[in-house]
Amino acid sequence: MPEVNYKVGLIGKLDMLKFKNMPKVRNAAIDASPSTPLKGIEPTNEKAKAHHPKQIEFVIDDILQNGPDAKTVILKKKDGERLPLFRAGQYISVDVPIGTTHTTRSYSICSSPALAKEGIYHITVKRDDAGFVSPYIQDNWKKGDTVIASGPQGHLYYEPIRDAKKVVALAGGSGITPFMGMAYAIRDSYEDFDLTVIFGSRTEDAIVYRKELDEVCAACDKVHVVHVLSDEEKEGFEHGFISADLIRKYGGDGEFSIFMCGPQAMYNFLDSEIAKLGLRKKFVRRELFGAIKDPWNQPGYPEEIRGRTFNLHVVQCGKEYDIPASADESLMVACERAGLVVPSRCRSGECGWCHSKLLSGDVFIPEKTDGRRAADLDYGYIHICSSFPASDVAIDVPAKPVDTQ
Amino acid sequence: MPKYDAVVIGAGNGGLAAACRMALAGKKTLLIERHNLPGGCASSFRRGRFEFETALHELCEWGTAEKFGACRQTVVDDFGVDLKGHIVPENFRVITTASDGKTKIDATLPCGQQPFIDAMEKYVPGCRKSIEDFFKIGTEFHEAGDYSLSVNGKTDPAYMQEHYPNFLRLGSYPIDKVFNAMKMPKLAQDIMGTYWGYLDVAADKLSFLQYTNMVWLYVTYGAWIPDKTSHELTTGMLESFRKHGGETWFNCSATKILFDDEKAVCGVETTCGTVETKHILCNANPTMVYANMCPPEVVPERMVKLHNAREYSARMFVVYIGLDKSAEELGLHDYSVFMPESADSVREYQSGKTIKDNYNMVSVCYNTVNPDFSPPGTCVVSLTTTFSGDDWANVDEEDYFKTKNMMANRLIDRFEEKLGVTIRPYIEEIEVATPWTMCNFVNTPQGSAYGYELSGWDSMMPRMMMMGTEFPVKGLKFVGASSIRGDGYNSAIFSGNTLARKTLSEMKEEEEG
């Protein structure tokens, strides 16, 4: 017998009967309930689904020349509905099928969040003649074409709980795009902070979004732009590269957050410039690093693999493939070249969308773009967008997800 | 068409446990998961130099190094997962106003029955006997549970009456009734009821049996957290599954369950192709599966009625914060602090129905237990509240970010105010998850994390007692928070393990014809 004895009702035996009767009570509750058909989706889920679509179908509403080598593509939601509201600065990952290759690229949404209501996002594609995708888009995309992209992604946005009230944005070339979105968001009262954009271009003629920037600055006293020209010395422009001194000059004495977006060379240069400012990490944010195209220049690269081609065995949801993989390119690129469709978003090792199991073999992962979770290192998981084969390799990759009911 | 002995839909804790158990038994098993990661709610994510724990506050039923708890036995002994972690030394701190509306409560309760009882007596002089008896009853409940397991649930009523009479007499009541019967002082009841949020059922409907089980386990054996977040636990289980020959398809959603002429499961249609199987262990929500993936004629009317009678439980809202000062520098000493407006859980539960009224919150600072949880000189705090209603359905897309930040600001303000600390200037990273976020990542109805409400008629005990009729569709069993034992990592793992075993014995019967 236990040393304590409690009952709730007056008679312990009845308490026990109540216990025994629990299934009866439960059955009675079930019986009393209606047999109306079960609801297959809840309102919250519908809203969440609209806010976080796995993919969005757009039609190209228009394409506008923007400076000498950039084009702005106006994307309109195909079904005419509204688009998800985004945090200004976020990007969409656009599917680009080119022949048998299925690849993606990330483009910042450079239009106002207000246009999302009308089903419109703008992206800007700058031509890089050495590149694979941007010339293709510039030469082939036309009004009326269908474009598939992800919903808004990424973390380069103003967060009032975290960031200083003043943001100094450092933009290089087409790196202006997230800050265009932010400037519009401030003008249209979606965001509330002071934005000073220090915008580096080669020459005055090469400046993208010149007119639009001038217009936003004129319409909104919270947005300021400082142009810096690297290849020209002109009245009314700063000259050279964006430097610590320039950031100090326009950042002022108060607290400010630095947001950066531009080419990798700019980030590498700015790393040492920003270090001179002695800012806390929380005040320095940068857009995705981008895919590393020169792994051999990264610390730790095993030089002997450069230029070699390995066998890549891919397991993907019940299917298996053997494909060639160059040590100079990421495993993701190898998959895409072979015509496989793999999940891909940031292509910078950061977002984890391509999280895959390394079944065998060795890979080189540049430290700069190693955004894995701690346990992934123990259990051999990799982000294939930032992993380069260093031997024959076998991987298990997820499917590219699709929206379902 | 590929053929599997079993298909597990969903790689949450329940699905992973089920998948491991099946693979361990040598069954050809396919695990499909709509996301690209294992774990469901039990996961992690990175921002800057921080990795955030998505869900876990304290893992229950882990036991001690000398005596493994049931959950640890399953994961470590059976599945062979090698995990490193830390014991949480305190059960909780609670800062609130007593249900009398006046008395201020600020109590810190340590692990271990005796230290816990002593602390309770210190906070509420005169409550000692009722707390001691509470643990004695808890011990009896555990012995009853062990006995039930030892006889495979075929318990002898006379034996039960002789050895576990409190179990039988108190097992059908909610905690408020039993606490009163035990003459526990009201203030002690207020403190003892602190964990109600872990099950998200208020004291008037919260099963004394289930609650006592949980509190007894936490206090007796302490709680535990893995060093590298839930992602270490769930990836570990996934690896065990792989090692035993299991196959996993990520980013793959089940779209339809296929049935034969006898209305028994014969396959699953997925976004990556159709597979043949006679046994599905499903970690997805039963209501959604019955409504969207099964033809109406195979779903028994009783199941339709059951799921119409149920409420979803605990729609999650979490603020994840990475700070650029250490916990010590910020004066954060507590691991877990419960900060409801009031210790009156009935009132709190009611307030939790709307965004406007929900001021409840639990904070966790992982670095106080695991100093290496984040880089030196930093720490991680998460602030969690649950919604007991579906108010996030009323938020307009256009107001979503504003609403999210308003709620996050509310929790941060209260955290600073209640603990008398300053964290705002040190926020290096912040991420906010709402019920919409939950819908996106785990696709549960209304962004709920606890399955169906474990209240009254639908609490754990009657669910367990009726396990035999709970899954009437042949070949289809549900695991995870919406299953027989409700929410909690240990309960989800228990359900996966138990229902996989049941499936294995059915397979054996089939083989033997």
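Chain identifiers are assigned alphabetically (A, B, ...) following the order of the sequence lines, protein sequences preceding nucleic acid strands; residue numbering begins at 1 within each chain.
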Checking heavy atoms, do the side chain of [X], its backbone, both or neither come under 4.5 Å from chain B?
X: A/S356; value: neither
X: A/F86; value: backbone
X: A/P23; value: both
X: A/P53; value: neither
X: A/D378; value: side chain

If you define the side chain from C-beta out and look only at heavy atoms, does anything of [X] sit under 4.5 Å from [Y]?
X: B/Y173; Y: A/K18; result: yes
X: B/R315; Y: A/T44; result: no
X: B/L306; Y: A/R26; result: yes
X: B/H231; Y: A/Y379; result: no
X: A/H355; Y: B/F250; result: no

Q) If you measure from the Lys or Arg side-chain nitrogens to the Asp or Glu carboxylate oxygens, is any gap between A/R285 and B/E429 under 4.0 Å? A) yes
Q. Does a salt bridge link B/D324 with A/R280, judged by any charged N lying under 4.0 Å from a carboxylate O?
A. yes
Q.
Taking side-chain hydrogen bond (donor to acceptor under 3.5 Å, both in side chains) as the definition, give me every residue that meets it alongside B/T248, ordered by chain and number, with sequence neighbours left out.
A. none
Q) For B/R169, which of A/N5, A/V8, A/L14 qualifies under side-chain contact (heavy atoms from CB on, under 4.5 Å)? A) A/N5
Q: Identify the residue among B/I427, B/V319, B/V432 that makes a side-chain contact (heavy atoms from CB on, under 4.5 Å) with A/I161.
A: B/I427
Got a second to check how far [X]'s [atom1] is from [Y]'s [atom2], nearest 0.5 Å?
X: B/M160; Y: A/M16; atom1: CE; atom2: CE; result: 9.0 Å
X: A/I30; Y: B/E301; atom1: CD1; atom2: CD; result: 12.0 Å
X: A/K39; Y: B/H307; atom1: NZ; atom2: NE2; result: 15.0 Å
X: B/L37; Y: A/D376; atom1: CG; atom2: CG; result: 7.5 Å
X: A/D15; Y: B/L168; atom1: CG; atom2: CG; result: 10.0 Å
X: A/K357; Y: B/E239; atom1: NZ; atom2: CD; result: 3.5 Å

Q) What residue in A/V397, A/V402, A/V25, A/D396 has the most heavy-atom pairs under 4.5 Å with chain B? A) A/D396
Q. Can you tell me if B/N308 and A/S33 form a side-chain donor-acceptor pair at under 3.5 Å?
A. no
Q) Any donor-acceptor pair under 3.5 Å linking the side chain of B/K228 with the backbone of A/R373? A) no
Q | Contact list for residues 30-52 of chain A, test ring pair (Phe, Tyr, Trp, His ring centres under 6.0 Å), sequence neighbours left out | A | A/H51-B/Y400, A/H51-B/F401, A/H51-B/W436
